[in-house]
Each structure stands twice: as structure tokens, then as C-alpha cells.
Visitor: 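Below are the C-alpha cells for one structure; questions will follow.
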Amino acid sequence: MTTPNADMARFWTDDAGPSWVAERERLDERLAPFTRLLIDRLDLRSGEAVLDVGCGSGASTVAIARAVGAEGSVTGADVSSTMLDCARGRSDRAADGAPIVWLEADAQTAAFEAGSFDAVTSRFGVMFFEDPVAAFENLRRALCAGGRLVFVCWQDPSENAWFALGAEELSEVLDIPDPPVPNTPGPFGLA
């Protein structure tokens with residue numbers, strides 16, 4: 001039996017995960033502005049419980065744990081055991097921050113306790129869901145009344161100059177795959 005997002009779990013564990021972990025410091029630095037944006041938009045308060053979906057190697061999760069303080073709690077969920085192993089190496093508690101639970105789970109189908117989070121967030125993770133409607137319904141159940149959902153995802157490739165320029169350059173030396181099919185899991189899945 002195939003489970004939803006099984007292909008993404010394999011991809012992020014076996015293919016992309018090891019490269020991401022190897023380049024973690026550089027990627028964390030480049031993605032830091034998005035993490036700051038998420039935290040600003042979440043308007044996190046001391047003591048809140050937060051779910052970080054697609055937490056990857058944990059940089060955003062640790063920053064969120066600092067923002068909610070020692071009285072808060074943070075769960076970093078990801079389908080990739082490779083990425084989570086890296087995240088666990090960071091710590092299970094941010095300096096002066098909340099304890100962190102690292103959870104290998106698919107946020108689309110995970111049995112989160114209803115109403116258990118004040119906020120759900122994701123830095124470039126939610127666009128990989130096989131069934132975004134089911135995933136967001138599941139995340140909504142996990143939010144308490146008045147809870148907040150804030151995420152960052154890529155716009156259409158035509159709106160991302162870095163993507164178009166890189167593809168043009170690479171096409172001279174590599175076979176570039178066709179553009180992604182709209183509304184399918186991947187970097188532009190929610191474009």
C-alpha cells in the first residue's frame with residue numbers, strides 16, 4: 001500500500017536530504033530572512049505551542065523555540081529522517097527557548113491532537129503535499145480556536161528570476177526537465 005507523500009519522503013530522505021544537510025549552514029543563512037518574516041507574521045507570544053511543518057534541518061524550528069520562550073513548546077515535523085537527524089543534532093531545546101519535539105511524520109496525515117497548537121507554520125514545506133486540501137484540513141484540526149497559520153512558498157516559476165536565469169544557464173550543458181505541472185507536489189505546488 002502506498003501512503004500519501006511517500007515519494008516526497010523518499011526524495012527528501014535519500015536524494016535531496018543528504019545534499020541539504022551537507023550545505024546546511026549556507027542554506028540556513030540564505031533562508032534566514034524568510035524565517036524572520038515567518039516569525040514576525042506569526043506574532044508569537046511567550047508560552048505558545050507551535051507546529052513547524054517540513055522543518056527540514058531545524059533552523060526555523062530553533063528560531064521559533066526562542067521566540068516562544070521556555071514556557072512554550074515547539075514540534076518540528078518532517079517526512080525526512082535524514083533532515084530530522086540533522087535537526088536533532090542541533091538540540092532538543094533552543095538556548096533560552098522552548099523544548100523541541102522532533103517528529104518524523106507527514107503533516108498531511110499525522111494524528112495531531114485536535115486544538116493542540118496556537119500556530120502552525122512552514123518555511124517552504126507545505127507545497128510538497130500530495131493532497132493540499134486534506135493536509136490543510138488536518139492542520140486546521142490541530143490548531144486551537146483562534147490559532148494562526150503562516151507559511152512561505154514559492155510563486156510561479158515565471159515570478160522567480162533566479163529560477164528562470166538558472167534554468168537558461170544550465171540548459172546549455174544539461175537536459176533540463178519540463179516545467180512542473182501546475183498544482184502538483186513540488187517547489188511550485190502552491191504557486
Side-chain angles (χ1 to χ4, degrees), residues 3-5 8-9 11-12 20 27-28 30-80 83-84 87 90 94 97-157 159-160 180 182-191:
T3 59
N5 302 309
M8 283 296 158
F11 175 75
W12 286 105
W20 190 282
L27 290 166
D28 287 351
R30 292 195 180 184
L31 295 175
F34 297 105
T35 302
R36 288 191 294 273
L37 176 67
L38 279 175
I39 290 172
D40 288 348
R41 294 284 168 93
L42 281 165
D43 190 29
L44 294 171
R45 295 177 278 289
S46 178
E48 288 192 305
V50 181
L51 172 62
D52 186 12
V53 175
C55 69
S57 61
S60 57
T61 315
V62 170
I64 292 164
R66 287 188 182 114
V68 297
E71 286 75 37
S73 63
V74 179
T75 299
D78 205 291
V79 296
S80 169
M83 302 287 274
L84 283 170
R90 288 179 184 268
I100 300 170
V101 173
W102 301 107
L103 179 64
E104 185 175 346
D106 179 353
Q108 178 175 316
T109 59
F112 300 115
E113 183 179 337
S116 59
F117 296 104
D118 298 294
V120 173
T121 189
S122 179
R123 186 190 69 185
F124 302 115
V126 294
M127 61 273 209
F128 294 98
F129 292 131
E130 184 174 301
D131 183 346
V133 172
F136 285 112
E137 286 175 351
N138 192 42
L139 296 175
R140 171 60 192 102
R141 280 189 295 278
L143 279 169
C144 66
R148 294 145 0 251
L149 168 68
V150 176
F151 63 88
V152 176
C153 69
W154 298 115
Q155 292 182 349
D156 187 84
E159 300 292 322
N160 290 284
N183 302 316
T184 59
F188 305 105
L190 295 179

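Here, residue 1 is the first one in the sequence, and each next residue gets the next number.
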Visitor: Distance-only, no hydrogens or angles: does the Asp78 side chain make a donor-acceptor pair with backbone N or O of Cys55 under 3.5 Å?
Guide: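 Side chain of Asp78 to backbone of Cys55, a donor-acceptor pair under 3.5 Å: yes, one is there.
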
Visitor: Please confirm whether the backbone N or O of Ile39 pairs with a side-chain atom of Arg36, one donor and one acceptor, at under 3.5 Å?
Guide: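 Absent.
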
Visitor: Taking all non-hydrogen atoms of both residues into account, name the closest pair between Glu104 and Val79 and its distance.
Guide: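 Where Glu104 meets Val79 most closely, the heavy atoms are OE2-O, 4.0 Å.
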
Visitor: With a 6.0 Å cut-off (strictly less than), is the heavy-atom count around CZ of Arg45, excluding the residue itself, greater than 12?
Guide: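 Atom CZ in Arg45 is crowded, with more than 12 foreign heavy atoms closer than 6.0 Å.
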
Visitor: Within this structure, what is the CG-CD distance for the pair Asp131 and Glu137, rounded to the nearest 0.5 Å?
Guide: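 CD of Glu137 is found 8.0 Å from CG of Asp131.
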
Visitor: What distance do Asn138 atom CG and Phe129 atom CZ have between them, rounded to the nearest 0.5 Å?
Guide: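 Answer for the CG-CZ pair, Asn138 versus Phe129, is 8.5 Å.
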
Visitor: Output a table of donor-acceptor pairs, distance under 3.5 Å, between side-chain atoms of residues 144-152 and any protein atom two or more places apart or on a different chain; print 'none' if there are none.
Guide:
unit_1: Arg148; atom_1: NE; unit_2: Leu42; atom_2: O; d: 2.9
unit_1: Arg148; atom_1: NH1; unit_2: Glu48; atom_2: OE2; d: 3.0
unit_1: Arg148; atom_1: NH2; unit_2: Leu42; atom_2: O; d: 3.0
unit_1: Arg148; atom_1: NH2; unit_2: Glu48; atom_2: OE1; d: 2.8
unit_1: Arg148; atom_1: NH2; unit_2: Glu48; atom_2: OE2; d: 3.3

Visitor: Are the side chains of Glu130 and Met8 in contact, using a 4.5 Å heavy-atom criterion?
Guide: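 Met8 does not reach Glu130 side chain to side chain.
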
Visitor: For Val74 versus Ala98, what's the shortest heavy-atom pair and its separation?
Guide: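 Nearest heavy atoms, Val74 then Ala98: CG2-CB, 4.1 Å.
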
Visitor: Which heavy atom of Ala107 sits nearest to which heavy atom of Val53, and what is that distance?
Guide: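 Distance-wise, the nearest heavy atoms are CB-CG1, 3.7 Å.
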
Visitor: May I have the step-by-step check of side-chain contact (heavy atoms from CB on, under 4.5 Å) for Ser73 and Val101, ending in yes or no?
Guide: CA-CA 8 Å; Ser73 63; Val101 173; over 6 Å; no

Visitor: Pick from Trp20, Phe34, Trp12: which one makes a ring pair (Phe, Tyr, Trp, His ring centres under 6.0 Å) with Phe124?
Guide: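 Of the listed options, the one satisfying the test is Phe34.
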
Visitor: So how far is it from Thr61 OG1 to Ile100 CD1, rounded to the nearest 0.5 Å?
Guide: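 Result: 6.5 Å between the selected atoms.
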
Visitor: Please report the shortest heavy-atom distance between Phe117 and Leu51, naming the atom on each side.
Guide: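 Distance-wise, the nearest heavy atoms are CD2-N, 3.6 Å.
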
Visitor: To the nearest 0.5 Å, what is the distance between OG on Ser60 and CG on Leu31?
Guide: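 It is 9.0 Å, given to the nearest 0.5 Å.
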
Visitor: What are the two closest non-hydrogen atoms of Asp28 and Ser57, and how far apart are they?
Guide: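 Scanning both residues completely, I find the closest heavy atoms to be OD1-OG, 3.8 Å.
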
Visitor: For the atom pair CG (Leu139) and OG1 (Thr121), what is the distance rounded to the nearest 0.5 Å?
Guide: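 Leu139 atom CG to Thr121 atom OG1 measures 10.5 Å (nearest 0.5 Å).
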
Visitor: How many angstroms lie between CZ in Phe128 and CD in Gln108, if you round to the nearest 0.5 Å?
Guide: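 Taking CZ in Phe128 and CD in Gln108, the distance rounds to 13.5 Å.
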
Visitor: Nearest heavy-atom pair of Leu44 and Ala67: which atoms, and what distance?
Guide: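 The pair with the smallest heavy-atom distance is CD1-CB, 3.8 Å.
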
